[in-house]
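Each chain gets a letter, A, B and so on, in the order the sequences are listed, and its residues count up from 1.
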Number of protein chains: 2
Amino acid sequence: MKKYSRQREAILDVLCSTDTHPTANWVYDRVRETIPNISLGTVYRNLSALSEEGRVISVSVGDGYEHFDGNDSLHAHFYCKKCGKITDVALENDYLAEAIRKNGFTPDSSVYIVRGVCGECNAKEKN
Amino acid sequence: MKKYSRQREAILDVLCSTDTHPTANWVYDRVRETIPNISLGTVYRNLSALSEEGRVISVSVGDGYEHFDGNDSLHAHFYCKKCGKITDVALENDYLAEAIRKNGFTPDSSVYIVRGVCGECNAKEKN
DNA sequence: CCCAAATCAGTAATGATTACTATTTTATTA
DNA sequence: TAATAAAATAGTAATCATTACTGATTTGGG
């Protein structure tokens, strides 16, 4: 049976109070402000549990780290290859999950990642 | 300047002649049938280069491995949490890249991943 | 053919993530 | 509220997919 834990709650809080897409280590640093002796393993274990439950999304953009996202609204992620920034882009309808469903699958969470170069980096390029 | 390499060509061939989503190691094993002394590092380097060029897509489903996909048609990936199988689901329109573009970004490649349980595993569940 | 840049094979190193264990916390039952 | 079992934790050690390094080989332009 799943039990409450102060650590898990704190981790979820940190994730839900940022619009960035932090790594486990970043979350670790933030949670330590509240629970100084929390262990990095605890952060990993809970991020993984929260992700399994679907309360959090795990986003892999290919920079060598797993990123986590507590934003539960429907959105896609734009990853800029130049600056590494991940930006949320809101979506109106979940066309893809719909298409998946039509093909006989039962989806429970989605990660949409688009790679490219962001406007800011494109501008810099022209110098 | 980018130069031709027999190794890179063989790696791309392997990726384009399967509808699975292999890991670097699987590709390595397959390419060794043709080029027995190819190095695993070479496979990694070229997969990464091909992915950078957009000739190949890198798909992270959260099983601890990076998966690669040589299928260049527009599709989403359904990842079954139970059996680990990754299935391609064809898409008609790239709504998401479109939404991204409307937000001022310049996309160049997309990875759409939907997690859930596949029909087969759902059926097994009921026994 | 010659040269410089690119790529390679083989091997060593890295570091994000996971596993392990003794201890602490949680929730249930009496 | 005390006793108890299951779940979770802190701290540390281990794993292993991926990357970095190096000296040899290949590629392509002049």
Side-chain angles (χ1 to χ4, degrees), chain A residues 1-15 20-53 55-69 79 81 84 86 111 115, chain B residues 1-15 20-53 55-69 79 81 84 86 111 115:
Chain A
M1 178 232 198
K2 181 135 228 153
K3 294 191 177 176
Y4 166 86
S5 105
R6 188 163 72 95
Q7 287 83 344
R8 181 163 45 246
E9 227 46 42
I11 288 165
L12 187 58
D13 275 357
V14 164
L15 269 181
T20 66
H21 302 75
T23 61
N25 209 68
W26 191 92
V27 173
Y28 176 52
D29 284 339
R30 288 295 307 278
V31 175
R32 264 198 297 182
E33 295 167 10
T34 316
I35 308 176
N37 71 329
I38 191 172
S39 155
L40 183 54
T42 297
V43 174
Y44 272 105
R45 181 164 22 79
N46 281 299
L47 284 173
S48 160
L50 289 167
S51 170
E52 203 60 37
E53 286 180 66
R55 299 173 74 182
V56 148
I57 282 178
S58 150
V59 184
S60 287
V61 292
D63 62 352
Y65 304 87
E66 185 119 48
H67 295 260
F68 296 89
D69 185 348
Y79 172 67
K81 298 193 297 184
I86 303 174
V111 197
R115 290 162 51 90
Chain B
M1 178 230 198
K2 183 134 227 156
K3 295 190 177 177
Y4 167 86
S5 106
R6 190 162 71 94
Q7 288 84 345
R8 181 163 46 243
E9 228 46 42
I11 288 164
L12 188 56
D13 275 358
V14 164
L15 268 182
T20 66
H21 303 76
T23 61
N25 209 68
W26 191 92
V27 173
Y28 176 53
D29 285 339
R30 289 294 307 278
V31 175
R32 265 197 297 182
E33 294 167 9
T34 317
I35 308 175
N37 71 330
I38 192 172
S39 155
L40 182 55
T42 298
V43 174
Y44 271 104
R45 180 161 26 77
N46 281 298
L47 284 174
S48 159
L50 289 167
S51 169
E52 202 61 37
E53 285 180 65
R55 299 173 73 183
V56 147
I57 280 178
S58 150
V59 184
S60 287
V61 292
D63 63 351
Y65 303 88
E66 185 120 48
H67 294 261
F68 295 89
D69 186 347
Y79 172 68
K81 298 193 296 184
I86 303 173
V111 198
R115 292 162 51 90

Query raised in the report: Quick one: CG on B/Asn46 to CD on B/Glu53, what's the gap to the nearest 0.5 Å?
Result: 9.5 Å

Query raised in the report: C/dA9 phosphate, OP1 or OP2: any side-chain N/O from B/Gln7 under 4.0 angstrom?
Result: yes

Query raised in the report: What's the NE2-C1' distance between A/His67 and C/dT17, to the nearest Å?
Result: 14 Å

Report summary line: Result for side-chain hydrogen bond (donor to acceptor under 3.5 Å, both in side chains) between B/Glu66 and one of B/Ser58, B/Ser51, B/Ser48 points to B/Ser58

Requested in this report: For A/Ala24 and A/Leu40, work out which heavy atoms get closest and say how close.
Outcome: O-CD1, 4.4 Å

Requested in this report: Check the distance between C/dA9's P and B/Ile11's CD1 and give it to me in whole angstrom.
Outcome: 9 Å

Query raised in the report: Taking CE from B/Met1 and P from D/dT27, how many angstroms apart are they, rounded to a whole number?
Result: 13 Å

Taking only nitrogen or oxygen atoms into account, show me every contact under 3.5 Å that the protein makes with nucleotides 10-13 of chain C, one pair per line with its distance.
{"from": "C/dG10", "atom 1": "OP2", "to": "B/Asn37", "atom 2": "O", "distance (Å)": "3.1"}
{"from": "C/dG10", "atom 1": "N7", "to": "B/Ser39", "atom 2": "OG", "distance (Å)": "3.0"}

Query raised in the report: Between A/Tyr65 and C/dA16, is there a side-chain N or O to OP1/OP2 distance below 4.0 Å?
Result: yes

Requested in this report: Starting at CD1 of A/Ile38, measure out to CZ of A/Arg6 and round the result to the nearest 0.5 Å.
Outcome: 8.5 Å

Requested in this report: Give the rounded distance in Å between these two atoms: CZ of B/Arg32 and C1' of C/dC8.
Outcome: 16 Å

Report summary line: Among the nucleotides D/dA6, C/dT7, D/dT27, whichever has the atom closest to the side chain of B/Arg8 is C/dT7

**Report entry** Heavy-atom check, side chain of B/Arg30 versus side chain of B/Tyr28, under 4.5 Å
**Finding:** no

**Report entry** Nearest-angstrom distance from the residue atom CG of B/Leu47 to P of C/dT7
**Finding:** 15 Å

Requested in this report: Determine the minimum heavy-atom distance between A/Gln7 and A/Ile35, stating which atoms define it.
Outcome: CA-CD1, 4.0 Å

Query raised in the report: Taking atom P of D/dG29 as reference, at what distance in whole Å does atom OH of B/Tyr4 sit?
Result: 15 Å

Query raised in the report: When all nucleic acid strands are considered with a 4.0 Å heavy-atom cut-off, which category describes B/Asn46: base, sugar-phosphate, or nothing?
Result: sugar-phosphate

Requested in this report: Would you kindly give the CD-to-P distance between B/Glu66 and D/dC16, to the nearest whole Å?
Outcome: 18 Å

Report task. Using whole Å, report how far CD of B/Glu9 lies from P of C/dT7. Result -> 12 Å

Query raised in the report: Any N or O donor-acceptor pair linking the side chain of B/Lys3 to the base of C/dA5 at under 3.5 Å?
Result: yes

Report task. State the CG-CG distance between A/Leu50 and A/Leu12, to the nearest 0.5 angstrom. Result -> 5.5 Å

Query raised in the report: Is the shortest side-chain N/O distance from B/Ser5 to OP1 or OP2 of C/dC8 below 4.0 Å?
Result: yes

Query raised in the report: Counting any heavy atom closer than 4.0 Å, what does A/Arg6 reach on the DNA or RNA strands: base, sugar-phosphate only, or nothing?
Result: nothing

**Report entry** Among C/dT17, C/dA27, C/dT7, the one nearest A/Ala24 by side-chain distance
**Finding:** C/dT17

Query raised in the report: Using a cut-off of 4.0 Å on non-hydrogen atoms, how would the nucleic acid contact of B/Tyr44 be classed: base, sugar-phosphate, or nothing?
Result: base

